[in-house]
Amino acid sequence: MAGPQPLTAMNLPFEFEKFDLQGTADPAGFIPVPDAGPRTDELPLISSVIGFP
């Protein structure tokens, strides 16, 4: 964040250098994705289930 106040500060962009995409979290449970596997220099989407090597 670009300031000390969490509700008024602007978000700063970021990305992870390396992570493993495993699936998606859903109210019904875990949903595997067909293109699961390692990712580099990306930002995971909301509800993504990821792991760090």
(request) Output the rest of the hydrophobic cluster of Val49: all Ile, Leu, Val, Met, Phe, Trp and Tyr residues reachable through side-chain heavy-atom contacts under 4.5 Å, sorted by chain and number. (result) Phe30

(request) Quick one: pull up OG in Ser48 and CG in Leu43 and give me the separation to the nearest 0.5 Å. (result) 8.5 Å

(request) Locate the shortest heavy-atom distance separating Pro53 from Lys18; write the atom from each residue and the value. (result) CG-CD, 3.4 Å

(request) Decide yes or no for Glu42 and Phe19: does some side-chain heavy atom of the first lie under 4.5 Å from some side-chain heavy atom of the second? (result) yes

(request) Drop me the distance from Leu45's CG to Leu21's CG, to the nearest 0.5 angstrom. (result) 8.5 Å

(request) For Pro44 and Ile50, work out which heavy atoms get closest and say how close. (result) CG-CD1, 3.7 Å

(message) To the closest 0.5 Å, what do you measure between CD (Glu15) and CG (Asp41)?
(response) 5.0 Å

